[in-house]
Amino acid sequence: MSQTTKKPMDLALDAAHQAAERGEVPVGAVIVKDGAVLATAGNRTIADHDPTAHAEILALREAARLIGSERLFKCDLYVTLEPCAMCAGAISFARIRRLYFGASDPKGGAVEHGPRFFSQPTCHHAPEIYGGIGELDASTLLKKFFKERRNENT
């Protein structure tokens, strides 16, 4: 665990920038408990050759390892992009207390869009949800990343 003067979403944005520098989709995630940062991660699907290596999943794995439990009670997750269905399921199973996310994802998101995972009657646990935290910075980074990718392929 580490203490920092940076806000958790700023740390998540830092992790997203690092992911972009590695050629990964720029998404970053941070897990905090009692004001201490337990885990920080950026997407690593390409580097790890792992379709499940989303920032949220990697941060959940690290926090669970540090705590010594698969249940992350009283932990909050900050992520730069609205989680997909896979990540929403993992967030639910981990019992994350609060989810803060930056940019909405109308195409792949599963919190406010698509399946709206936490609103389903089969969802075992739904965190408190706060969207739009650092949205401008997160969406700007994503748009820039994908624009550069499109320009490279033209």
Side-chain angles (χ1 to χ4, degrees), residues 2 6-33 37-67 69-73 75-120 122-150:
S2 66
K6 274 193 154 184
K7 293 179 181 176
M9 189 56 83
D10 291 334
L11 294 171
L13 283 164
D14 289 347
H17 279 281
Q18 292 167 13
E21 289 170 10
R22 295 189 309 271
E24 303 276 1
V25 174
V27 178
V30 171
I31 296 181
V32 175
K33 183 176 184 179
V37 174
L38 294 178
T40 303
N43 273 357
R44 286 198 324 250
T45 59
I46 297 167
D48 291 2
H49 306 290
D50 180 355
T52 70
H54 289 198
E56 302 95 308
I57 300 293
L58 297 172
L60 289 167
R61 288 175 183 161
E62 178 62 14
R65 187 189 66 76
L66 284 172
I67 289 176
S69 173
E70 74 283 6
R71 301 287 189 238
L72 301 178
F73 296 115
C75 290
D76 301 328
L77 171 63
Y78 295 78
V79 62
T80 58
L81 182 64
E82 177 183 353
C84 69
M86 174 184 69
C87 292
I91 291 164
S92 177
F93 288 129
R95 305 300 195 264
I96 289 292
R97 176 178 57 183
R98 293 184 194 107
L99 167 64
Y100 300 90
F101 70 87
S104 292
D105 187 357
K107 186 175 179 182
V111 177
E112 292 181 343
H113 299 89
R116 298 176 188 236
F117 187 89
F118 301 118
S119 300
Q120 298 304 315
T122 54
C123 179
H124 296 289
H125 167 79
E128 294 175 31
I129 300 165
Y130 303 92
I133 311 298
E135 181 175 17
L136 181 61
D137 291 336
S139 63
T140 299
L141 176 59
L142 285 157
K143 287 174 185 173
K144 179 182 177 212
F145 176 81
F146 286 111
K147 182 179 180 184
E148 289 172 0
R149 289 294 260 314
R150 283 190 300 275

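Positions are given from 1 along the sequence.
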Item checked: Value rounded to 0.5 Å, distance of NZ in K33 from CG in L66 -> 11.0 Å

Item checked: Rounded distance (nearest 0.5 Å) linking atom CG of L11 with atom OH of Y78 -> 10.0 Å

Notebook entry, point to check: Which pair of non-hydrogen atoms, one from L81 and one from E56, has the smallest distance, and what is that distance?
Noted result: O-OE2, 4.2 Å

Name the atoms and distances for all side-chain donor-acceptor pairs under 3.5 Å in residues 84-95, with sequence neighbours left out.
residue: S92; atom: OG; partner: H125; partner atom: N; Å: 3.2
residue: S92; atom: OG; partner: H125; partner atom: O; Å: 2.8
residue: R95; atom: NH1; partner: S92; partner atom: O; Å: 3.1
residue: R95; atom: NH1; partner: F93; partner atom: O; Å: 3.4

Check: Do the side chain of S69 and the main chain of R71 share a donor and acceptor less than 3.5 angstrom apart?
Finding: yes

Notebook entry, point to check: Looking only at heavy atoms, what is the nearest atom pair of L58 and A53, with distance?
Noted result: CD1-O, 3.6 Å

Can you give the donor-acceptor pairs under 3.5 Å from side chains of residues 17-29 to other protein atoms, not counting sequence neighbours?
residue: R22; atom: NH1; partner: Q18; partner atom: O; Å: 3.4
residue: R22; atom: NH2; partner: N43; partner atom: O; Å: 2.8
residue: E24; atom: OE1; partner: T45; partner atom: N; Å: 3.2
residue: E24; atom: OE1; partner: T45; partner atom: OG1; Å: 3.3
residue: E24; atom: OE1; partner: I46; partner atom: N; Å: 3.0
residue: E24; atom: OE2; partner: I46; partner atom: N; Å: 3.1
residue: E24; atom: OE2; partner: A47; partner atom: N; Å: 2.8

Notebook entry, point to check: Any idea which heavy atoms bring E62 and L38 closest together, and the distance?
Noted result: CG-O, 4.3 Å

Note to self: Salt bridge or not between D10 and K6? Use side-chain N to carboxylate O under 4.0 Å.
What the structure shows: no

Note to self: Please find the pair of heavy atoms, one from A138 and one from T80, that lie closest to each other, and give the distance.
What the structure shows: CB-O, 3.2 Å

Note to self: Using a 3.5 Å distance criterion without hydrogens, assess whether the side chain of E82 forms a donor-acceptor pair with backbone atoms of E112.
What the structure shows: yes

Margin query: Would you compute the distance between atom CZ of R149 and atom CZ of F145 and round it to the nearest 0.5 angstrom?
Written below: 4.0 Å

Margin query: To the nearest 0.5 Å, what is the distance between CG on L72 and CG on L77?
Written below: 9.5 Å

Margin query: Show the nearest heavy-atom pair for residues A12 and V30, with the distance to one decimal.
Written below: N-CG2, 3.5 Å

